[in-house]
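Each chain gets a letter, A, B and so on, in the order the sequences are listed, and its residues count up from 1.
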Amino acid sequence: MLKIYNTLNNQKEKFEPINPNEVGIYVCGMTVYDFCHMGHARVMVMFDVITRHLKRNFSNVNYVRNITDIDDKIISRALENNEDIYSLTNRFIDEMHQDEKSLGVLSPDIEPRATDSIDKMIEMISSLSKKGLAYQGENGDVFYAVRNFKEYGKLSGKNLDDLMAGARVDIESDKKDPLDFVLWKKAKTDEPSWPSPWGDGRPGWHIECSAMSNHFISNHFDIHGGGMDLTFPHHENEIAQSEGANSCKFVNTWMHVGFVNIDDEKMSKSLKNFFTIRDVLKNYDGETLRYFLISSHYRSPLNYSEANIDNAQSALKRLYNAIKGLDKNVEDKSLINTDFEKKFNAALNDDFNTPMALSILFEIAKQINIERTNNLKKAGALSSELVKLGNYIGILEYNADEYMKQGTELTESDITKKIKQRESARSSKDFAMSDQIRDELFELGIILEDSVNGTTWRRK
RNA sequence: GGCUGGGUAGCAAAGCGGUUAUGCAGGGGCCUGCAAAGCCUUUUAGACCGGUUCGACUCCGGUCCCAGCCUCCA
């Protein structure tokens, strides 16, 4: 039984899809004007783990993650670059897809772009307008009348009067109420625009997700996710828009992924304390990054530091080391304890407890290491189990031997030559020479390991 | 000020009202020519103060501290 923590009531609750075996899940994706940073990576990876688990348990999962390709920041960045907005957004969509691939993230089922759904947004704003929930200001912008949606604040646990007390004054606005937000922005000269009943303009950010989720999934669907910073106002506004326009419940389960922090502060573009995925991939492989991101629970804050990623790398290497050199095609179930998979799935069923799931993998690794000296077949069966469960969460995707060797500048044949030299030194008991060769290779980042089957090497 | 979360051993990070989390690091041992890897073993916890309980890191109350949201942000 799958349990998910729902931000709507701040409780872990039993997950039951609206239609049996069908799950609709929508996640707010990126605004594509720059490279993705580690915070984006965490959302991509966590929802990848989540949807992989959903797809194993429900036959028909529709995972939609949008792309925001029209927005103030995109327009100003394109202007800075003296570039067409589509050339800018296409470029960064490609970059994002490359990052996803590095992190082992599977593509969503549908990845709609905002600019392809402008008509759906206009429809929705019209319907809000008919219901008295939207109005056009004198400057031409169309706003949502927050006071007219009585349940406003139910997701974030805020009430309008508390919000008023802390509201920042928006001097140049035509809003009737400072908390009202923009649905449609009147076009300025030289800005991309679309025709609408309110004049040429472009959609506000919040309406994009309401329109796309309603269109690509349904007016009422199972799971909506995103980073924790989207809870308010973005997701609150989505509820106001969708429930206001459709007069039915919008989303059953709201899921929010915690921040990636640096020195216990949120990583963000405005604080300029962010690391892009590209930055980090210069020093670490994608799977190490993925391991790092899933090594804490998705709702907890995750502190970014090199020490912590090093830690993830060591842990992942332990798993690869366990499966190294074993025949992972042994599928004799009688040789393995089926509790491993049960416990693993139970961990994921408990609000996607990835740290718990990982600990099961280490239990298997330990068993493998114990068995490999006396029962190679059993060790092989266990390693196939370990790889299978690892693959469930998108790790252990590589050949262990290759994984342990990757990232060295030396060629295989150079290393093999050195190993042969050392072997002849060893057989003539010239241990000084033997150790010297091993030390030389160590300086170059290569670790040699002697065993009864001969000498193998791996990257430091 | 309002609303969310959270404070676990040297570091990271979970579960659990009583029994080893897990990974890294440290100690001792085995293995090894010596290492590495691995195995065995071991040290280091639960912010603070009360309460409930036979028993609390785990439940309840209070105090202190931290982060996030209340503006665009994943």
B:C11 phosphate, OP1 or OP2, under 4.0 Å from A:Asn311 side-chain N/O: no
Using a heavy-atom distance cut-off of less than 4.0 Å, which residues of residues 448-460 of chain A contact RNA chain B? A:Leu448, A:Glu449, A:Asp450, A:Arg458
With a 3.5 Å cut-off and no angle check, do the side chains of A:Tyr320 and A:Glu287 form a donor-acceptor pair? yes
Could A:Arg299 and A:Tyr5 be counted as a cation-pi pair, given that NZ or CZ must be under 6.0 Å from the ring centre and within 45° of the axis? yes
With rounding to the nearest 0.5 angstrom, report the CZ to CG distance, A:Arg290 to A:Leu103. 7.5 Å
Say we look at B:C3 and B:G61: how far apart would their P atoms be, to the nearest angstrom? 15 Å
N/O-N/O pairs, protein side and nucleotides 7-10 of chain B side, under 3.5 Å:
none

In whole Å, measure the gap between the P atoms of B:G15 and B:C60 for me. 16 Å
From B:C72, B:C40, B:G68, nucleotide with atom closest to A:Ile370 side chain: B:C40
Heavy atoms under 4.0 Å, any strand shown: does A:Arg77 hit a base, just sugar-phosphate, or nothing? nothing
Can you check whether any acceptor in the base of B:G33 is under 3.5 Å from a donor in the side chain of A:Asp435, or vice versa? yes
Could you give the distance separating B:C11 and B:U43 at their C1' atoms, to the nearest angstrom? 15 Å
According to a strict under-4.0 Å criterion, is A:Arg318 in side-chain N/O contact with OP1 or OP2 of B:G38? yes
Using only heavy-atom distances, decide whether a donor-acceptor pair under 3.5 angstrom links the side-chain of A:Lys158 to the base of B:C70. no
Under 3.5 Å, is there an N or O donor on one side and an acceptor on the other linking the side chain of A:Arg426 and the base of B:G33? yes
Roughly how many Å apart are B:A14 and B:G51, using the C1' atom of each and rounding to a whole number? 27 Å
Rounded to whole Å, the OH-P distance (A:Tyr152 to B:G2) equals 20 Å
I'd like to know if A:Arg438 reaches the base of B:C34 with its side chain such that a donor and an acceptor end up less than 3.5 angstrom apart. yes
Measure the acute angle between the ring planes of A:His224 and A:His235, then classify it against the limits of 30° and 60° as parallel, tilted or perpendicular. perpendicular
Does A:Ser359 contact B:G23 through a side-chain donor or acceptor facing the base, at a distance under 3.5 Å? no
Scan residues 5-13 of chain A against RNA chain B and write down, sorted by residue number, each residue with any heavy atom closer than 4.0 Å; if none is found, say none. A:Tyr5, A:Asn10
Using a distance-only test with no angle check, is there a side-chain donor-acceptor pair under 3.5 angstrom linking A:His234 and A:Asp229? no
Look at the rings of A:Tyr135 and A:Phe143 and say which category their plane angle falls in: under 30° parallel, 30 to 60° tilted, over 60° perpendicular. tilted
Strictly by Watson-Crick or wobble contacts shorter than 3.5 Å, is anything paired with B:G10, and which nucleotide is it? B:C24
Whole-Å C1' distance, B:U20 and B:U71: 49 Å
Taking the P atom in each of B:A45 and B:C31, what is the distance between them to the nearest angstrom? 32 Å
On a whole-Å scale, what distance lies between the C1' atoms belonging to B:G68 and B:C72? 16 Å
Looking for any heavy atom pair under 4.0 Å, which part of the strands does A:Lys266 touch: base, sugar-phosphate only, or nothing? base
Please measure how far the C1' atom in B:C48 lies from the corresponding atom in B:C64, and state the result in whole Å. 7 Å
